[in-house]
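For reference, positions follow the sequence shown, starting with 1. Order of listing sets the numbers, starting from 1, for every ligand and every atom in it. Computed over heavy atoms, backbone and side chain alike; hydrogens, waters and symmetry mates excluded.
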Amino acid sequence: MSKLRVAVLGAKGRIGSEAVRAVEAADDMELVAALGRGDELQTLVEAGAQVVVELTTPDAVMDNLDFCLRHGIHGVVGTTGWTEDRLAQLRGWLDAAPGAGVLIAPNFSLGAVLTMRFAQQAARFFESAEIVELHHPNKADAPSGTAARTARLIAEARAQAGCPPQPDATTTALDGARGADVDGVPVHSVRLRGLLAHQEVLLGGVGETLTIRHDSLHHSSFMPGILLGVRRVVSAPGLTVGLENFLDLD
Ligand SMILES: NC(=O)C1=CN([C@@H]2O[C@H](COP(=O)(O)OP(=O)(O)OC[C@H]3O[C@@H](n4cnc5c(N)ncnc54)[C@H](OP(=O)(O)O)[C@@H]3O)[C@@H](O)[C@H]2O)C=CC1
Ligand SMILES: O=C(O)C1=N[C@H](C(=O)O)C[C@H](O)C1
């Protein structure tokens, strides 16, 4: 069977450099390009890339995906910064590129995907839900893409179940003391040397709390998810948001 021809964008970055090694080590894949800032995207076409793994920055990701989809190249995207407007634009490009698929994975690690799923399932049973995400201090964006996604899933689950707004009697606070409000769920961001990527979902009811915690201790935690995404996206046209869609969790 022929190998999947894979390129990595952001290949010199923290996760991109690990992804380059993972693709090189995969028996069913061939690394055909490893590009960084300033490299010519045309190289992807000349190298015959079928799938691009996009691990750059929120500033770069849209132009990169536009190029890929105009050339019929599938995308597996870990880069953060997704808004409804950006998703709508991406859907438009996908409509014009029949057969092409893009996976956006807020988090490629299995534990983080399960954390999101468990939080979504538990959300309606508790009055209060808050998220604390903790990352290395070189991270550019806050809150993390994972925390934003988790908060939205919690908010959706609570809205569907008809839950009232969370209790919070705060009337005076320093800016930021109650975190960022993501669809009514407070999200608190910690940046600390020594950490990689961690998240706690705190749920509270009368007389009890439930804490769901996940820790990524090394970038290797993201690699099985990236490789799975590459294998599956070639037969998943259109937009897929969340690795859970390729994990048969239900
Ligand atoms: N979904 C997931 O599971 C994960 C997602 N991430 C996300 O991935 C992204 C990258 O994270 P991280 O590796 O830590 O960040 P880094 O800053 O270490 O890496 C980003 C890399 O992209 C390069 N780059 C910038 N612009 C371009 C461009 N136009 N074309 C090609 N390369 C470019 C940068 O080059 P230069 O240094 O010259 O600017 C840098 O080497 C972030 O959004 C992060 O949140 C990270 C881990 C897991
Ligand atoms: O920048 C990181 O490191 C990570 N970014 C992603 C995010 O913002 O959620 C995924 C993971 O948390 C690591």
Side-chain angles (χ1 to χ4, degrees), residues 7-22 33-44 49 52-68 73 75-83 86 102-116 119 131-153 180 182 187-201 213-230 233 240-247:
V8 176
L9 288 183
K12 292 186 182 148
R14 280 176 290 271
I15 184 169
S17 51
E18 188 80 22
V20 163
R21 286 189 287 276
L35 306 186
R37 182 192 290 278
D39 288 341
E40 282 295 328
L41 290 175
Q42 188 60 28
T43 306
L44 300 172
V52 154
V53 180
E54 219 292 349
L55 300 166
T56 63
T57 69
D59 288 346
V61 63
M62 293 305 279
D63 285 349
N64 288 341
L65 290 178
D66 182 23
F67 179 92
C68 289
I73 303 171
V76 171
V77 183
T79 305
T80 45
W82 290 98
T83 60
R86 283 182 165 217
V102 170
L103 166 68
I104 295 174
N107 201 305
F108 287 110
S109 86
L110 178 61
V113 172
L114 290 173
T115 298
M116 287 185 256
I131 296 173
V132 184
E133 57 95 340
L134 311 91
H135 280 80
H136 58 89
N138 303 106
K139 184 168 176 57
D141 54 314
S144 70
T146 308
R149 170 88 172 150
T150 310
R152 289 191 188 106
L153 292 172
V182 181
V187 180
H188 311 270
S189 297
V190 176
R191 297 292 174 263
L192 202 71
R193 185 69 67 206
L195 297 181
L196 176 55
H198 317 257
Q199 175 163 289
E200 284 191 358
V201 180
R213 179 173 174 115
H214 173 255
D215 299 275
S216 267
L217 305 172
H218 189 269
H219 279 99
S220 53
S221 63
F222 305 115
M223 296 307 123
I226 289 179
L227 298 181
L228 175 69
V230 169
V233 79
T240 303
V241 178
L243 188 69
E244 62 275 17
N245 292 290
F246 292 165
L247 285 174

Per the side chain to side chain donor-acceptor pair (under 3.5 Å) rule, which among Arg191, Gln199, His198 passes with Glu133? Arg191

Could you tell me the residue and atom name of the protein heavy atom closest to atom 26 (N) of ligand 1, and the distance to it rounded to 0.1 Å? Ala60 CB, 3.8 Å

Any Gly36 heavy atom less than 4.0 Å from ligand 1: yes

Residue part near ligand 2, for Ser144, under 4.0 Å between non-hydrogen atoms: both

Please check whether Arg14 reaches ligand 1 - meaning an N/O of the residue sits under 3.5 Å from an N/O of the ligand, judged on distance alone. yes

For ligand 1, which is the ligand I care about here, please tell me if Pro58 has any N or O atom under 3.5 Å from one of the ligand's N or O atoms. no

Atoms in ligand 2 flagged as close to Ala197, the criterion being non-hydrogen separation under 4.0 Å: 11 (C), 12 (O), 13 (C)

Flag the pair Asp39 and Arg37 as a salt bridge only when some basic side-chain nitrogen lies within less than 4.0 angstrom of an acidic carboxylate oxygen. no

Could you report the tightest heavy-atom contact between Asp141 and Thr80, atom names first, then the distance? OD2-OG1, 3.0 Å

With a 4.5 Å heavy-atom cut-off, do Val233 and Val102 have their side chains touching? no

Report the part of Phe222 in contact with ligand 1, treating N, CA, C, O as backbone and CB onward as side chain, heavy atoms under 4.0 Å; options are side chain, backbone, both, neither. side chain

Find out whether Val241 and Arg149 are in side-chain contact, i.e. whether some heavy atom of one side chain is under 4.5 Å from a heavy atom of the other. yes

Could you check if a side-chain atom of Asp215 sits within less than 4.5 angstrom of a side-chain atom of Leu196, using non-hydrogen atoms only? no

Closest to atom 36 (P) of ligand 1 among protein heavy atoms sits Arg37 NE, 3.6 Å

I need the nearest protein heavy-atom contact for atom 41 (O) of ligand 1: residue, atom name and distance, please. Gly13 N, 3.4 Å

Going by the order shown, which atoms of ligand 1 are within less than 4.0 Å of some heavy atom of Gly78? 1 (N), 5 (C), 6 (N), 7 (C), 8 (O)

Can you check whether a protein heavy atom sits less than 4.0 angstrom from atom 16 (P) of ligand 1? yes

Out of Pro106, Gly145, Pro58, who gets a non-hydrogen atom closest to atom 10 (C) of ligand 2? Pro106

Non-hydrogen atoms of Val187 and Ala147 that approach each other most closely: CG1-CB, 3.7 Å

Side chain, backbone, both or neither: the part of Thr146 lying under 4.0 Å from ligand 2 by heavy atom: both

With a 4.0 Å cut-off, strictly under, does atom 9 (C) of ligand 1 pick up any protein heavy atom? yes

Closest to atom 13 (C) of ligand 2 (heavy atoms only, candidates Lys139, His135, His219) is His135

Please list the nearest protein heavy atom to atom 1 (N) of ligand 1 with its residue and the distance rounded to 0.1 Å. Ala105 O, 2.9 Å

Within 6.0 Å of CD in Glu40, more than 12 heavy atoms from elsewhere: no

With the side chain counted from C-beta on, respond yes when Leu9 and Leu41 share a heavy-atom pair under 4.5 Å apart, and no when they do not. yes

Give the numbers and elements of all ligand 1 atoms closer than 4.0 Å to a heavy atom of Lys12. 41 (O)

First locate atom CG of Asn107, then atom OG of Ser221, and finally report the distance between them rounded to the nearest 0.5 Å. 7.0 Å

Shortest protein contact, atom 23 (C) of ligand 1 (heavy atom only): Gly10 CA, 4.0 Å

For atom 13 (O) of ligand 1, closest protein heavy-atom neighbour: Ile15 N, 3.0 Å

Residue Lys139 vicinity, atoms of ligand 1 by number, heavy atom under 4.0 Å: 45 (O)

Supply the atom-to-atom distance Met62 CE to Glu54 CD, rounded to the nearest 0.5 angstrom. 10.5 Å

Shortest protein contact, atom 2 (C) of ligand 1 (heavy atom only): Phe108 CD1, 3.5 Å

Looking at side-chain heavy atoms only, is the closest gap between Glu18 and His218 below 4.5 Å? yes

Any idea which heavy atoms bring Thr146 and Pro106 closest together, and the distance? OG1-O, 3.2 Å

Show which atoms of ligand 2 fall inside a sub-4.0 Å distance from at least one heavy-atom site of Asn107. 10 (C), 11 (C), 12 (O)

Short version for Pro106: what comes under 4.0 Å of ligand 1, heavy atoms counted, is backbone

Qualifying residue for side-chain contact (heavy atoms from CB on, under 4.5 Å) with Thr79, from Asp59, Ile104, Asn64, Val61: Val61

Could you find the nearest protein heavy atom to atom 43 (O) of ligand 1 and give me its residue, atom name and distance? Thr80 OG1, 2.8 Å

Closer than 4.0 Å to some heavy atom of His136 - which atoms of ligand 2 meet that? 1 (O), 2 (C), 3 (O)

Pick one of side chain, backbone, both or neither for how Ala147 approaches ligand 2, counting any non-hydrogen atom pair under 4.0 Å. neither

For Gly78 versus Phe108, what's the shortest heavy-atom pair and its separation? CA-CE1, 3.4 Å

